[in-house]
Amino acid sequence: MRRFLYDTAVFVYALGTGHRYRAPCRRLVRLAGDGLLVGDASVELVQELAHVRSRRGGDRRQAMADAHAAADLCRLHAVEVADVRLALSLVAADDRLDVRDGIHAATALNRGIDTIVSPDRAFDAVVGLERIDPADAESVLLAGS
């Protein structure tokens, strides 16, 4: 199975409502829950998901439960100084990439992960990182497994 990093958006859309990415993201989360798909993530994903869910949903307890559940589905990586330095360089090099996405990209690159699952096209500009759209991720990631 191909190694990849999750973008927070995969979990945000899976937990959200009425969006074209909801169904494919829910399938990815279900596959992860079944142990058929194992992805990596920065610990920043957990913080970002908890923040987004508590701000949008208003239910802090549920937001924290959602963040815990997402964390349990990923191989989590601590954010290291080298990740922050690389993230800042990536963000400085391309206006489309925000700092949180820079941290995700740096986490992947610094750990030899060359694939990220994300709907965010800003990752397309990151040299050495291939973005897979969530709508295509199931077939691409499970190919050959």
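For this chain, numbers begin at 1 and follow the sequence in order. The figures that follow rest on heavy atoms only: side chains count, while hydrogens, waters and symmetry mates do not.
A salt bridge does not link Arg100 with Asp98: none of the charged nitrogens is closer than 4.0 Å to a carboxylate oxygen. The pair Glu48-Arg53 does not meet the salt-bridge criterion, since no charged nitrogen lies less than 4.0 angstrom from a carboxylate oxygen. With salt bridges taken as basic N to acidic carboxylate O contacts below 4.0 Å, one links Arg3 and Asp40. Here Arg131 does not pair with Asp7 in a salt bridge; the nearest charged N to carboxylate O distance is not below 4.0 Å.
A 6.0 Å sphere centred on CG of Asp34 holds more than 12 heavy atoms belonging to other residues, nucleotides or ligands. Residue His19 places its NE2 atom among more than 12 non-hydrogen atoms of other residues, nucleotides or ligands, all under 6.0 Å distant.
Contact record, Ala14 with Arg26: O-CG, 3.3 Å, taken as the closest heavy-atom pair. A pairwise comparison of heavy atoms in Ala135 and Pro24 identifies CA-CB, 3.9 Å as the closest pair. Of all heavy-atom pairs between Pro119 and Asp133, the closest is CA-OD2, 4.3 Å. Here the closest non-hydrogen pair linking Ser54 and Ala63 is N-CB, 3.4 Å. The nearest pair of heavy atoms linking Thr115 to Leu129 is N-CD1, 3.8 Å. Leu49 and Ala70 make their closest contact through CD2-CB, 3.5 Å (heavy atoms, listed as atom of the first residue, atom of the second, distance).
Side-chain contact between Ile103 and Glu44: present, with at least one pair of heavy atoms (C-beta onward) separated by less than 4.5 Å. Residues Leu37 and Leu28 have side chains in contact (heavy-atom distance under 4.5 Å, counting atoms from C-beta outward). Side-chain atoms of Arg75 and Arg111, non-hydrogen and from C-beta on, never get closer than 4.5 Å to each other. Looking at heavy atoms from C-beta onward, Leu141 lies in side-chain contact with Ile132 at the 4.5 angstrom threshold. Side-chain contact check for Leu109 versus Ile113: every heavy-atom pair is 4.5 Å or farther apart. Two residues are said to be in side-chain contact when any heavy atoms from C-beta on lie closer than 4.5 Å; Arg61 and Asp59 meet this criterion.
Side chain of Asp83 to main chain of Glu80: a donor-acceptor pair is present (N/O by atom type, distance under 3.5 Å, no hydrogens or angles).
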- Query: Between Gln47 and Val43, is a side chain to side chain contact (heavy atoms under 4.5 Å, CB included) present by the stated rule, with each step listed?
  - Reply: CA-CA 7 Å; Gln47 181 280 136; Val43 294; over 6 Å; no
- Message: Pair Glu130, Asp114 - check side chain to side chain contact (heavy atoms under 4.5 Å, CB included), show working.
- Response: CA-CA 6 Å; Glu130 177 188 358; Asp114 65 359; 5.8 Å; no
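Interatomic distance, His104 NE2 to Leu90 CG, rounded to the nearest 0.5 Å: 13.0 Å. Residue Asp101 holds its CG atom at 6.5 Å from OG of Ser118, rounded to the nearest 0.5 Å. Within the model, atoms CG of Leu5 and NE2 of His77 stand 7.0 Å from one another, a figure rounded to the nearest 0.5 Å. Separation of atoms OG (Ser42) and CG (Asn110) is listed at 11.0 Å; rounding is to 0.5 Å. Separating the CE atom in Met64 from the NE2 atom in His68 is a distance of 8.0 Å, to the nearest 0.5 Å.
Taking the ring pair (Phe, Tyr, Trp, His ring centres under 6.0 Å) definition, one finds that Tyr6 meets it with Phe4, Phe11, sequence neighbours left out. In terms of the side chain to side chain contact (heavy atoms under 4.5 Å, CB included) criterion, residue partners of Leu88 (sequence neighbours excluded) are, by chain and number, Val84.
Linking ILVMFWY side-chain heavy atoms closer than 4.5 Å, directly or via other members, places Ile116 and Leu73 in two distinct hydrophobic clusters. Leu31 and Tyr21 are members of different hydrophobic clusters when ILVMFWY side chains are connected at heavy-atom separations under 4.5 Å. Residues Val140 and Tyr13 do not share a hydrophobic cluster, clusters being chains of Ile/Leu/Val/Met/Phe/Trp/Tyr side chains in contact below 4.5 Å. Side-chain heavy atoms closer than 4.5 Å link hydrophobic residues (I, L, V, M, F, W, Y) into clusters, and following such links, possibly through other members, connects Val79 to Val46. In this structure, Leu142 is not a member of the same hydrophobic cluster as Val38, with clusters built from ILVMFWY side-chain heavy atoms closer than 4.5 Å.
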